[in-house]
K.L.:
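Pasting a structure below so you can have a look.
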Amino acid sequence: MSNSHLFLKPAFITTPGQNGVGRYVCQLQRVVLKFCMSHGSSRGVREFIETRLLEFVKESPEVAVYLKPRRHKSPIIKAEYLNGETQWVNARQFTDDEVLKWLNLLKSQSSNRSGVRLRKLMHTDFPSIQGPWTPYLFRDPQLNLARFPSEELSRPLHGTKTATQQLFEIFEKQKAAQNANSS
Amino acid sequence: MQSLRVISRLLGAQPLAGAQCRAVKRWVSPTMRVIVLRKKALGPQPEQRRSQFLEWNEEVELRCFSKRLGEEFEGKALREAFVQPEWANVQEFQARQAGDTAFEPVAHNRELAENGAQIISQTIRGAYAPSYPSDVVEGIHSHLTSQEMLAHVGKHLGIKDLIKSLEYPPEERSLADTFRALVGALALSSPPERVQRFVEDFLLCQMVGKDVYDIWAPAQPYEYMLRLLQAKGVEQVEPRLCNQSASNTILANFQVGLYDAKSKTCLGLGWGENIKTAKETAALDAIQRLHASD
């Protein structure tokens, strides 16, 4: 994560209302293109409306497109999503290509994604299919019958032999060897 | 600076584009200040109905709505599905008050909603009855047909702005009623298989990622399990304390297993912070296993 992402809101990938499980519903419900009929900054939007808007509307019949001319103001693309969010895109000095690209982006989004940083590109509600760990997982069944305090279980599991024990062992070996020789 | 210039242009301080304006007019700041103060004095304003905006065309909205669902509605039925009975009544009352004799009563969605509710219930029961006992099916049914769930589904189809109700934003009750009415309206214009498919695609898919036994649980699991077992011929159940750890502490943990007293087979295992909870959890586990084995 770089410094420029520090103040973005972190989020996970989500799907509103199980969209796409049954059938896919385009989450963009409405677009308002606000533009000026004479000002230069709206030129691209005007060109888009003249040449490519009908094509866009035919391709996406589920999006209601409104045109709102207003004098001497920057052109704006206002998008309304099904979850109630609204997104404004300042389309000042945009070319018609850029307008189309933005509209396609808005159409493929599920909500206003500006100012949001995805924490990961994948997300799951069930990180483990094995279930939670419990203290009894892989526990030796013998322990069920153990009586405490138990000398056997109180010993360290992987203790090294003490010097006395080693001496005892050597002594026992020597004794066994002597017994074998004498007999 | 830039925004102030924009504001001054908004207020008509500047002649048309092209003319140079190098200063912000001196009246802009006090005017804006007064506007802000007046807005503050007015207090929070109610949310405006989307249908009252200038850019609103109901014909287009309805057509887009049916395209969004991928369904064809008979024109009048869809329109009717969005009209709440209270709204229709008020409309009629106002016309009568104004002495309008030519006013025709607006058709509302009560009948459609009743019809739709029936179809929804049938579809849910039909989908779950083959694999779950009737208690569980009823639990799922009440979860899926709850007002909250139907309103949630409806809202994500975009019915909020299209509803004709007295209140705005519409209450959950209106949203749920409208969703039911939509199903009813679809039944008027499509074959039953298609309507069933609609309910499956939008309502039943809400069960994805949810555990049925998180939604449905009996109030007294141990007694419920005993009744189930009696029907199966198991008379006596032997609860055993299988494991315990950290007892007498705040992290106390017990594991209880339920065994068939005769055949000594395990019926269910459960955990809990005390033995009673663990026993009930074990009973829930046993119920799940019994349902799965049926």
Side-chain angles (χ1 to χ4, degrees), chain A residues 15-34 36 38-42 57-74 78 80-84 86 90 92 110-111 124-126 131-137 139-141 143-144, chain B residues 6 9-10 12 14-18 47 50 53-71 152-162 169 197-211 240-246 251 253-255 269 271:
Chain A
T15 324
Q18 305 284 8
N19 188 16
V21 174
R23 61 183 88 165
Y24 174 72
V25 173
C26 177
Q27 296 292 307
L28 179 67
Q29 58 172 342
R30 216 167 283 127
V31 162
V32 186
L33 295 174
K34 302 178 182 176
C36 173
S38 57
H39 207 281
S41 62
S42 299
V57 171
K58 266 178 208 157
E59 271 172 22
S60 38
E62 64 276 11
V63 182
V65 182
Y66 295 98
L67 302 179
K68 193 177 182 186
R70 26 178 225 177
R71 286 196 187 100
H72 315 313
K73 290 185 187 177
S74 286
K78 182 189 173 200
E80 290 171 39
Y81 295 97
L82 286 180
N83 65 356
T86 319
N90 186 354
R92 189 181 153 78
S110 64
S111 60
T124 170
D125 287 339
F126 303 99
W133 176 87
T134 72
Y136 317 125
L137 198 67
R139 194 169 177 255
D140 187 0
L143 290 175
N144 290 341
Chain B
V6 170
R9 209 177 294 150
L10 287 180
Q14 196 190 18
L16 290 189
E47 200 183 326
R50 185 60 181 80
F53 282 30
L54 196 61
E55 56 270 23
W56 179 264
N57 184 340
E58 198 169 353
E59 282 295 319
V60 173
E61 292 290 337
L62 285 175
R63 197 165 59 235
C64 288
F65 180 79
S66 67
K67 290 281 180 197
R68 188 176 303 141
L69 303 187
E71 300 287 350
H152 169 78
V153 174
K155 215 194 271 174
H156 281 94
L157 297 180
I159 61 178
K160 186 190 140 206
D161 297 332
L162 288 162
R197 179 104 196 131
F198 178 85
V199 178
E200 278 167 11
D201 282 352
F202 288 114
L203 198 57
L204 284 191
C205 74
Q206 298 298 321
M207 290 296 289
V208 169
K210 284 181 195 165
D211 189 358
R240 293 185 200 163
L241 182 60
C242 295
N243 280 304
Q244 59 177 331
S245 111
L251 292 173
N253 191 326
F254 298 89
Q255 185 187 38
L269 265 179
W271 289 263

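Remember, it's a predicted structure, so these values are computed and weren't measured experimentally. In what follows, chains are A, B, ... by sequence order, proteins preceding strands, each numbered from 1.
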K.L.:
Of all residues at least two apart in sequence or in a different chain, which pass the side-chain hydrogen bond (donor to acceptor under 3.5 Å, both in side chains) check with E61(B)?
P.N.:
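Here the qualifying residues are R30(A), Y66(A).
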K.L.:
Examine distances only and state if a side-chain atom of T124(A) and a backbone atom of F126(A) form a donor-acceptor pair shorter than 3.5 Å.
P.N.:
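Yes: the side chain of T124(A) pairs with the backbone of F126(A).
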K.L.:
Can any side-chain N or O of N253(B) pair as donor or acceptor with the backbone N or O of S245(B) at less than 3.5 Å?
P.N.:
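Flag not set: sc N253(B) to bb S245(B) has no pair under 3.5 Å.
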K.L.:
When you measure from the side chain of Q244(B) to the backbone N and O of C242(B), does any donor-acceptor pair fall under 3.5 Å?
P.N.:
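Answer holds: no.
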K.L.:
Name the region of N57(B), side chain, backbone, both or neither, that has any atom closer than 4.5 Å to a heavy atom of chain A.
P.N.:
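Both backbone and side chain.
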K.L.:
Check each atom of R50(B) against the heavy atoms of chain A and say whether the ones under 4.5 Å are side chain, backbone, both or neither.
P.N.:
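When you check distances to chain A, only side chain atoms of R50(B) fall under 4.5 Å.
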K.L.:
Is E200(B) close to chain A through its backbone or its side chain, or both, or neither, when contacts mean heavy atoms under 4.5 Å?
P.N.:
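Neither part.
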K.L.:
Quick one: what part of V63(A) sits under 4.5 Å from any heavy atom of chain B, side chain, backbone, both or neither?
P.N.:
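It is the backbone, since no side chain atom gets that close.
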K.L.:
Is the closest side-chain heavy-atom distance between S74(A) and K34(A) below 4.5 Å?
P.N.:
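Of all side-chain heavy-atom pairs linking K34(A) with S74(A), none is under 4.5 Å.
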K.L.:
Taking side chain as everything from C-beta outward and backbone as N, CA, C, O, which of these in F198(B) sits under 4.5 Å from a heavy atom of chain A? Side chain, backbone, both or neither.
P.N.:
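Its backbone and side chain both get close to chain A.
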K.L.:
Using the test side chain to side chain contact (heavy atoms under 4.5 Å, CB included), find all partners of C64(B) that sit at least two apart in sequence or belong to another chain.
P.N.:
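Partners of C64(B) under the side chain to side chain contact (heavy atoms under 4.5 Å, CB included) test: A64(A), V60(B), R68(B).
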K.L.:
Among the options R71(A), R23(A), K68(A), pick out the one with the most heavy-atom pairs lying under 4.5 Å from chain B.
P.N.:
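Ranked by contacts with chain B, first place is R23(A).
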K.L.:
For V208(B), is it the side chain, the backbone, both, or neither that has a heavy atom closer than 4.5 Å to a heavy atom of chain A?
P.N.:
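Both parts, heavy atoms under 4.5 Å.
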K.L.:
Mind checking whether N83(A) and S111(A) have side chains closer than 4.5 Å, heavy atoms only?
P.N.:
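Touching, per the 4.5 Å side-chain cut-off.
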K.L.:
Name the region of W56(B), side chain, backbone, both or neither, that has any atom closer than 4.5 Å to a heavy atom of chain A.
P.N.:
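Looking at W56(B), backbone and side chain both touch chain A.
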K.L.:
Relative to chain A, which segment of I159(B) carries a heavy atom at a distance below 4.5 Å: side chain, backbone, both, or neither?
P.N.:
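Neither part; nothing is under 4.5 Å.
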